[in-house]
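What follows is one structure encoded as structure tokens, with my remarks underneath.
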Amino acid sequence: MMGWNILKRGLLGAVALAGAASLLPAEAQTPRNTAIFLREIDADRYDLHRSTARGAGEIVTMLTDTLVSMDWDGRTIRPGLAERWDVSPDGKTYTFHLRRDVTFCDGKPMTAEDVVYSLNRWRDPATRSPVAWRAGPVKEIRARDQFTVEYELNTPFSELLSQLTLFFAGIIDRATVERLGDNFGSQGFNGTGPFCWVSWTPRNELVLQRHPNYRWGPPIFQNRGPAQVERVVWRVIPEPTARLAAMQTGQGDVTQYIPPVALESLRRVPSITLHTQPNYFWDFFMGFKVDKPVVSDRAIRRAVHMAVDRTALTRAVWFGSAVPARNIVNPNTLDYDAESERLVPDFDPAAAARTLDEAGWRVGPDGIRVKDGQRATFLTYGIATLEGQRQGEIIQQALRRVGIEMRIQLFDATVAWGRLATQEFDAFFLSYPYFSAGDALNLYWHSRARPTPNRMNWNNPQTDAWLEEARSATDPAVRARALANVQRQLAEEAPWLTIAREQLFVATSNRVQGIRAHGLYGIGVYKGLDMRIVR
């Protein structure tokens with residue numbers, strides 16, 4: 001606790017000291033038409049089909065466009081590269097009519113063949129995309145002519161258009177992918193977005209340049225293109241005090257990576273504006289590999305729920321920038337099942353101890369429980385962030401009090417995703433975005449998503465059947481009922497501990513105007529077309 005309090009005082013001091021320093025002329029430190037984005041961690045790569053990291057998505061949405069786009073409400077589908085689309089009466093065929101004025105960053109015109117290539121690469125098993133399922137039950141994606149794409153499904157997929165707004169569905173240039181091979185998204189990129197790839201120095205910065213011919217931005221923006229900012233630099237500053245100071249001394253213009261403890265103080269800094277987005281779903285959780293020793297026991301998993309005070313934990317870690325979570329999806333999402341919340345174990349350490357006693361886990365001489373010669377200990381992996389470290393410490397202490405030992409290993413984001421794809425660990429800390437109950441549950445709980453993102457190794461035929469029923473349902477009531485069954489099953493089995501629901505805040509310096517928080521897939525600034533430098 002002492003180290004955390006010192007850090008807290010340091011963060012608040014950084015806000016106060018930087019407030020005076022912010023009087024320095026920002027234009028003396030940053031080129032006039034360059035926007036500096038600050039973030040806490042880098043992504044593992046920028047291949048849109050091979051990374052699920054938010055850090056990848058926030059870059060890729062500037063580099064690419066999608067067939068359709070998401071409005072600010074998080075629900076309404078708007079045009080994108082497709083000016084319009086038709087859906088067959090049976091819900092199986094979508095026909096997209098493309099704009100005719102779109103070019104890639106290298107000047108090559110975009111056609112239906114580029115769309116077909118990009119979407120097929122996403123779903124190709126050889127690509128090994130962890131989110132290929134988001135493309136739906138595809139029968140065939142074909143170019144009917146140069147500017148018409150037919151997207152045919154084997155069965156209806158009610159969320160297809162929403163899925164096609166995500167960065168995984170961005171359109172890319174085949175020649176660039178084939179030229180760069182495994183280095184695509186690390187040594188180069190060629191998309192149709194408002195910005196173009198310049199360079200990437202891992203763990204340091206990624207540089208983008210304005211796409212000069214861009215004129216086809218989504219209709220949610222006042223400026224459809226080209227971007228008003230000539231250059232964007234995404235800079236990694238892991239230390240929260242340094243990130244805060246940079247924002248207020250002209251070395252940073254935009255960040256959504258705000259240390260929670262400093263949020264309220266930052267509101268009072270005149271050179272900083274905070275933007276928020278209420279239609280935002282991003283949850284923090286701890287998942288268990290249900291086929292591993294110790295955590296394979298449902299009694300252990302339910303005892304973890306009972307041992308951890310999520311309300312106190314959220315207050316201690318996020319300081320008002322997140323709210324405590326109980327159920328596996330947000331109550332505000334489409335198809336949320338309120339009944340399942342009643343099945344989630346309450347915070348009750350005494351009940352946790354009784355549950356473990358009844359399951360045969362006896363307290364050993366060192367305070368750690370033992371059953372059939374197996375100690376109640378497990379290894380947890382996570383990404384090395386301030387929140388990850390602090391929540392790990394709090395949960396570790398809470399579990400120790402009921403006789404469970406949790407060991408923790410945190411990794412830098414550039415290597416963490418690779419480690420999280422292994423079977424070396426028993427539990428893990430992560431966070432994730434979604435836009436509906438169906439989206440959240442299909443992402444993590446279908447057996448086909450093993451080994452990632454279904455890192456729990458959850459393999460339940462009944463779960464799969466309910467999820468398939470929901471995906472293909474044309475009747476909303478049928479879909480809601482199937483998803484309710486999954487939510488109730490997971491509430492009983494407790495294969496992960498939902499911890500907190502992040503609230504989205506984007507901070508901008510007084511050099512920048514036109515920013516509006518979006519939140520699609522957790523991305524604070526979506527494309528940045530209305531962004532402009534005013535000082």
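Basis for what follows: all heavy atoms, side chains included, without hydrogens, waters or symmetry-related copies.
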Legend entry - Spatial distance of atom CZ (Arg45) from atom CD (Gln187) [nearest 0.5 Å]: 13.0 Å

Legend entry - Set of side-chain contact (heavy atoms from CB on, under 4.5 Å) partners for Asn459, sequence neighbours left out: Ser447, Arg450

Legend entry - Close side-chain approach of Leu313 to Arg390, heavy-atom, < 4.5 Å: no

Legend entry - Any side-chain heavy-atom pair of Asp297 and Trp361 under 4.5 Å: yes

Inset, instruction - Would you kindly say whether Asn327 and Ser340 are connected by a side-chain donor-acceptor distance under 3.5 Å? - result: yes

Legend entry - Heavy-atom closest pair, residues Leu38 and Ile237: CD2-CD1, 3.8 Å

Legend entry - Results of ring-ring contact (aromatic ring centres under 6.0 Å, His included) for Phe285 - residues two or more places apart only: Phe428, Tyr432, Tyr444, Trp496

Inset, instruction - Mark yes or no for whether Ser51, through its side chain, and Ala53, through its backbone, hold a donor-acceptor pair below 3.5 Å. - result: yes

Legend entry - Student check: side-chain heavy atoms of Arg54 and Pro433 closer than 4.5 Å: no

Inset, instruction - Determine the minimum heavy-atom distance between Asn330 and Asp283, stating which atoms define it. - result: N-OD2, 4.4 Å

Legend entry - side-chain contact (heavy atoms from CB on, under 4.5 Å) evaluation trace for Leu504 with Gln256: CA-CA 7 Å; Leu504 176 63; Gln256 71 179 87; 3.7 Å; yes

Legend entry - Under 3.5 Å donor-acceptor, Gln277 side chain and Val506 backbone: no

Legend entry - Minimum heavy-atom distance between Gln374 and Pro293, given as atom pair plus value: OE1-CB, 4.0 Å

Legend entry - Heavy-atom donor-acceptor pair, Asn457 side chain to Val290 backbone, under 3.5 Å: no

Inset, instruction - Apply the test salt bridge (charged side-chain N to carboxylate O under 4.0 Å, His left out) to residues Asp439 and Arg134: give CA-CA distance (whole Å), side-chain angles for both, the deciding distance (0.1 Å), then the verdict. - result: CA-CA 9 Å; Asp439 180 50; Arg134 290 184 179 276; 2.5 Å; yes

Inset, instruction - Using the six-membered ring wherever Trp is involved, compare the ring planes of Trp458 and Trp445 and label them parallel, tilted or perpendicular (cut-offs 30° and 60°). - result: perpendicular

Legend entry - Listed partners of Lys527 passing salt bridge (Lys or Arg N to Asp or Glu O under 4.0 Å), at least two apart: Asp65

Legend entry - Contact check, side chains of Leu420 and Thr452, non-hydrogen atoms, under 4.5 Å: no

Legend entry - Phe96 to Val68 - nearest heavy-atom pair and separation: CE2-CG1, 4.2 Å

Inset, instruction - Without swapping roles, check the side chain of Arg39 against the backbone of Tyr257 for a donor-acceptor pair under 3.5 Å. - result: no

Inset, instruction - Return yes if some donor-acceptor pair links the side-chain N/O of Gln423 with the main-chain N/O of Lys289 below 3.5 Å, else return no. - result: no

Inset, instruction - Look only at the side chain of His49 and the backbone of Phe168, and say whether a donor-acceptor pair between them is shorter than 3.5 Å. - result: yes

Inset, instruction - Take Lys292 and Phe378, measure what side-chain contact (heavy atoms from CB on, under 4.5 Å) needs, and give me the verdict at the end. - result: CA-CA 9 Å; Lys292 287 278 196 170; Phe378 62 89; over 6 Å; no

Inset, instruction - Return the minimal non-hydrogen interatomic distance between Thr498 and Arg501, and the atom names on each side. - result: CG2-NH1, 4.1 Å

Inset, instruction - Return the set of residues passing salt bridge (Lys or Arg N to Asp or Glu O under 4.0 Å) with Lys92 (not counting sequence neighbours), or none when no residue passes. - result: none

Inset, instruction - Decide yes or no for Pro238 and Ile41: does some side-chain heavy atom of the first lie under 4.5 Å from some side-chain heavy atom of the second? - result: no

Legend entry - With sequence neighbours excluded, residues passing side-chain contact (heavy atoms from CB on, under 4.5 Å) with Thr414: Asp42, Arg203, Asp412

Legend entry - Contact summary for Met306 and Phe347, nearest pair of heavy atoms: O-CD1, 3.2 Å

Inset, instruction - Go through Asp47 and Arg121 one step at a time and tell me if the salt bridge (charged side-chain N to carboxylate O under 4.0 Å, His left out) criterion holds. - result: CA-CA 11 Å; Asp47 184 333; Arg121 180 180 185 265; 2.8 Å; yes

Inset, instruction - Taking Asn183 for its side chain and Gly188 for its backbone only, find out whether a donor-acceptor pair lies under 3.5 Å. - result: no

Inset, instruction - Please tell me if the side chains of Leu386 and Glu40 come closer than 4.5 Å, counting only heavy atoms from C-beta onward. - result: yes

Legend entry - Residue pairs, two or more places apart or on separate chains, that pass salt bridge (charged side-chain N to carboxylate O under 4.0 Å, His left out) and touch residues 150-172: Lys139-Glu152, Arg142-Glu150, Arg142-Glu152, Arg144-Glu150

Legend entry - Residues Gln489 and Thr463: side-chain donor-acceptor under 3.5 angstrom: yes

Legend entry - Steps toward salt bridge (charged side-chain N to carboxylate O under 4.0 Å, His left out) verdict (Glu358, Arg302): CA-CA 12 Å; Glu358 291 167 2; Arg302 289 182 67 85; over 6 Å; no

Inset, instruction - Check salt bridge (Lys or Arg N to Asp or Glu O under 4.0 Å) between Arg488 and all other residues, then give those that pass, not counting sequence neighbours. - result: Asp337

Inset, instruction - Output yes when a side-chain donor or acceptor of Arg479 lies under 3.5 Å from a complementary backbone atom of Glu469, and no otherwise. - result: no

Inset, instruction - List in chain and number order the residues that pass salt bridge (Lys or Arg N to Asp or Glu O under 4.0 Å) with Asp348, two or more places apart in sequence or in another chain; answer none if no residue qualifies. - result: none

Inset, instruction - Starting at CD1 of Ile394, measure out to CZ of Arg310 and round the result to the nearest 0.5 Å. - result: 14.0 Å

Legend entry - Main-chain N/O of Gly80 paired with Ser69 side-chain donor or acceptor, under 3.5 Å: no

Inset, instruction - Take Asp357 and Arg369 through the test side-chain contact (heavy atoms from CB on, under 4.5 Å) and record every step on the way to the result. - result: CA-CA 9 Å; Asp357 287 339; Arg369 293 176 181 266; 2.7 Å; yes

Legend entry - Whether Trp197 and Trp200 hold their rings parallel, tilted or perpendicular, with breakpoints at 30° and 60°: perpendicular

Legend entry - CA sep, side-chain torsions, deciding dist, call: Gln487, Glu339, side-chain contact (heavy atoms from CB on, under 4.5 Å): CA-CA 9 Å; Gln487 292 172 69; Glu339 175 61 23; over 6 Å; no

Legend entry - Any side-chain heavy-atom pair of Met62 and Trp234 under 4.5 Å: yes

Legend entry - Output field: ring centroids Phe167/Tyr521 closer than 6.0 Å: yes

Inset, instruction - For Asp372, check side chain to side chain donor-acceptor pair (under 3.5 Å) against everything at least two apart and list the hits. - result: none

Legend entry - Polar side chain donor-acceptor pair, Trp122 to Thr127, under 3.5 angstrom: no

Inset, instruction - Return each pair, listed once, that meets salt bridge (charged side-chain N to carboxylate O under 4.0 Å, His left out) where at least one residue sits in residues 167-191; pairs must be two or more places apart or across chains. - result: Lys108-Asp173, Arg174-Glu178

Legend entry - side-chain contact (heavy atoms from CB on, under 4.5 Å) partners for Arg419, two or more places apart: Tyr381, Phe411, Glu424

Legend entry - Residue list, side-chain contact (heavy atoms from CB on, under 4.5 Å) with Asp366, at least two apart or on another chain: Ile368, Arg375

Legend entry - Non-hydrogen side-chain atoms of Arg123 and Ile141 separated by less than 4.5 Å: yes

